[in-house]
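See structure below.
For clarity, every value in this text was computed on a predicted model and none was experimentally measured. Quick note on labels: first sequence line is chain A, next is B, and so on, each numbered from 1.
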Amino acid sequence: MTGPEELHGVTLLAEEAAALAAMADASSVAELERLRVEWLGRRGRVTEQLRAVGTLPADQRRTAGQRLNALRALMEKRLDARLAECARRDLEQRLIEERLDLTLPSAPPAVGRLHPVTRTRRRLEDAMVRLGFSLFEGPQVEDEWHNFEALNMPAEHPAREMHDTFYLPPPYLLRTHTSPFQVRSMKAAQGRLPLRVFTIGTTFRRDDDPTHAPQFMQMEGLLLDVGIGLGHLKGVVRQVFKEVFGGDPVLRIRPSFFPFTEPSVEWDMQCTLCGGSGCRVCQNTGFLELLGSGMVHPHVIRAGGYDPELVSGFAFGWGVDRLAMLAYGIDDIRLLYQNDLRLLNQL
Amino acid sequence: MEIAASLIGHWLREPMPVEAMCARLTRLGYEVVETRPLDAGLEPVRLVQVVDRRPHPSRSRLAIVTAIGGTEPVEVVTGAANGLPGERLFYAPPGTRLPDGRTLGTREFGGVPSPGMLCSAGELGLRAGPGDLWVWKGPGEPGDRYTDLMGAETILVIEMTPNLAQFAQSARGLARDLAAEAGGRLPCLPALQTPTVPGRVVLRAPDRCPAYALYEMALPDTDLPIRLQRQLRASGFRLVNPMVDWTNYILVDTGQPLHAFDAERVRLPIVVRMAADGESLVTLDGQTLTLQADDLVIADQNGPLALAGVMGGRDSAIDEGTRRVLVESAHFTAPGIYRTARRYNLRTDAAERFLRGTDPEALLPVLGHLLTLLGEDGRPPTGVLAFAGEAPERRRAAYRRDQIRNLMSASWTDAEMDGVLERLGFVVAEDEAVVPSFRPDVSETVDLAEELGRILSLDGIPDRVPPVTTPAVRDPAHRFRERVRDLVAAAGYTEILSRVFVDAGGVPGPDRPPVVHRLVNPLREEEAALRTELWPSLLETLAFNRDRGVDLAPLFEVGVVYRGTPDAPVEEWELAAVLPFLEDLNLHLHLHRRGTPDVYALTGLVDLLAERLHWDLRRVSGDPVAFLHPGRQQKVLDGGLLLGRVGEIHPDVLQGYRLPPAGLVSLVIRPPAARPAPSVIRPSRYPPLTRDLSVVWPDGLLFEEARRAIEEAGSSMLESCVPYDRFSGSFGQSLTIRLRFRAPERTLTEDEGDRLVQAILVALKRHGVVLRE
Ligand SMILES: [Zn+2]
């Protein structure tokens, strides 16, 4: 330790120089804090000297004051710089120590999911709304008149046997199809035209096997107006297929039978799984029977309160579950309603 | 139905390959769902000629026959009396699958191996006599295949829709459409040139049986030629005896059922009448039926002989002793047959035709067809014909060509349309068409339109799309339910769709409302009623998954429940959500998220629905229900309307399903009336003032009451009031509440904060809440 040292124009005592050096070299936040308290704290050596400046002779006060303030600034700067370095180093150290195994199972937000039939139903609904059909609903507990008579199926019509019906005490039953909607929507519209509506909902048949559940879901569309013909049915149903399946599906039509439409037309779509070459899903026919349709029978139009001499229309319907099964590759309809979480969580 | 392709083909002028026939039938509405060869399994069978026959060395009743045909001679052991040198027989080598299902191998008889067998006609599914083995008299050389000698016969399996079944459940019916499509017509059936004898038939119920023919003749000894036997078998019939087989053949060929009585067991005249209530009849299959006044019977002077159009009686049936027969060819109207067939559950082939509709004008031509076939061996039968009644007058359908063209969006010419209808048997006039007697399904213009569409093809009709003139809308109630679904799913619940059927005894557990709607014809007893509550389905689903070792998860369903009364059903849409109070193991791993959900997660779900859907749901304590924990449940109200419940499920109910603790929300979904969007309060730019209050909480005080006092005292400056810590000590229950104050236009001072807290403490003191020292 020789004579006074000078740093940034400040003349330093030896121990002050040593303290500044220690501040520059300190390796921890704690050590820096100790140095700050020792020199700059409320009872720190610089603080005490500054406080004592007033007691000095007047001619020394100014010089001593200036020197001590400069020294304090110097020390503060040194301390802050070193503190920042140490803090940075500590943070880096902590971050290294905080490393986590991100291959552990994640903790995703607890969000549930919608049933596959609900999602398929919505896909159909959206397609129908895009095509200008309005959605309405009807009751599931129907009366015989709406479910059968109004649809051209009088009491002893053999076609009623195709509907294995769940009966409630008369006149009620569980609707066997969504077709009662045709008459209900006509009656509700009270003569307004055009009627461009659809419904989608639960239907019931007394049946229980891999392809038939006692409870299933159907969609039914109806368009009624002046001058509607089979060409309109073909045009609109083709659009429906395009909207639902995308692209331009290969379709085949066949005459079919529903008591409430005449003529009736069945739509087959080339199997999407095998492309028509035949597979298990299409039972080696290359085609999937998907949609039934037809021109609304005059008796039904009359039952709905319209005059079949003046207006005509068409109806079409298909199974929502069947489309869900196709979409998700499920071959037993009962699986859809069993609600096994292992299945639902895959879909 | 199943039908032989060749049986359809024999009515057509031009031969039609089977594939073409199937494609055209499908296009005409007769969907051919399957085709298969009649002789499947018989491919290895071939014609052989016997060259040697010698006795079996040790078995006296057996012989060893050597036959040639094919690659090398075969030696077969036979027990048949025929099979003599020079005779041509059918040999079925090992690997042959016979119609009765047997697959042949090599057997050993007394040390002599015998590969396959020499066949009788019966073993090949046919009938030919005399002798045990079928001695072939037809053309062909030893070595020729059986299937080639017989000619291919294909079984068509057709899915027949009820409308087409009214006139096309026969070879002739199907052929008529094929011919019409190809531009041709069917040949007429032969007229029966026999005078009728009066007094043998009396019709007492002309609306049920308008016409009846009866032909008496000696029991025909003519068997069906092999070709016809094969056609009958390929149409789904077993061979029984020649008389039955002939009538079955006519049935499948023309669609007209015939019935044969043993003439010596009938005391004429035949009376076609309604049964007397309680009258009984023993049917062919041995059942004793007690008849009703709505049943039509064929009776003689001793009583009912047969259930008309449905099934014959045992006492007048033909058997081995029969010498003379009465062949009935009658028209029975469809609805009555339908009722009777259904009443006794007798779906015979005859009933299946009559209940859909037959041709009343075909009675005599069909008998003529039978007699022609019987006479093909050169010995036409002779007999006595009786006929009563008459076929109903033919119907007339309005035939408006323009209306048809509009309905079908088609540009068919008048000539095209008229031509098709004429080929189908209609007589076409200016504005009407006379409907042929075999078409009970046609009565108006749309029916004609359908026929034209089928025959002229729907493929050619151009697609058209009517423009959308009004934007589509969705039922608002439906839309609201969809928002409920989305929100509850987003809140962590998985949607299920469950069945609506429940046990008629109601939902298990204490004090459940009984079911309202019982099914008359349930599939099974435990599914005999419609649910009145949704939540039990969720508990069942949890139990179902638990039984399969699947981790339980929060579930929900939005579905219909069936209430009201049996006379006035009311369907209500409900939301049910169930939350098992189980710790999420995965979250346990991440220590900072440890915790088991409890009932507050469910009250929280209700609050979320209320907030996000602007649904005025309020939770109110009181009127506890038995299926929930008595101290942990609330009602959920919308205005004054009780919508449902939220709470922890009663342990008794959970035990019934063997489930861990869980809570539920069960709500009727009634979409709230549209409300104006809430006006927004501009968020303050100034900092908040936060104070924590630790207070001693008196027993029984509801937080709700204290919160209201705090809010009142805290004025508009109180931004939030959150209890965040709770513990008990010597002082009793303690709660720490974090209060946050904020002013809209300035920074609150500490003094103001102190004053607000003081005011709140004063208010709380009135409820017995004091600051904890
Ligand atoms: Zn396929």
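- With a 4.5 Å cut-off on non-hydrogen atoms, A:R122 touches chain B through its side chain but not through its backbone.
- Within the 4.5 angstrom heavy-atom criterion, only backbone atoms of B:P462 (N, CA, C, O) approach chain A.
- Of the listed residues (B:E482, B:R548, B:R27, B:Q403), the greatest number of heavy-atom pairs within a distance under 4.5 Å of chain A belongs to B:E482.
- Salt bridge status for A:E137 with B:R481: present, with a side-chain N to carboxylate O gap under 4.0 Å.
- A perpendicular orientation is assigned to the rings of B:F501 and A:F204, their planes being inclined by more than 60° (bins at 30° and 60°).
- Of the atoms belonging to B:E444, it is side-chain heavy atoms, and not backbone ones, that fall under 4.5 Å from chain A.
- For A:R119, no part lies near chain B; criterion is any non-hydrogen pair under 4.5 Å.
- Interface remark: B:L452 contributes no atoms to any contact with chain A (heavy atom separation under 4.5 Å).
- Using a 4.5 Å cut-off between heavy atoms, B:Y562 contacts chain A through its side chain alone, with no backbone atom that close.
- Neither the backbone nor the side chain of B:V488 comes within contact range of chain A, judged by heavy atoms closer than 4.5 Å.
- Here B:D294 pairs with B:R208, B:R339, B:R343 under the side-chain contact (heavy atoms from CB on, under 4.5 Å) rule; sequence neighbours left out.
- For B:N545, the part sitting under 4.5 Å from any heavy atom of chain A is the side chain, from C-beta outward, and nothing else.
- With a 4.5 angstrom heavy-atom cutoff, B:L530 touches chain A only via side-chain atoms.
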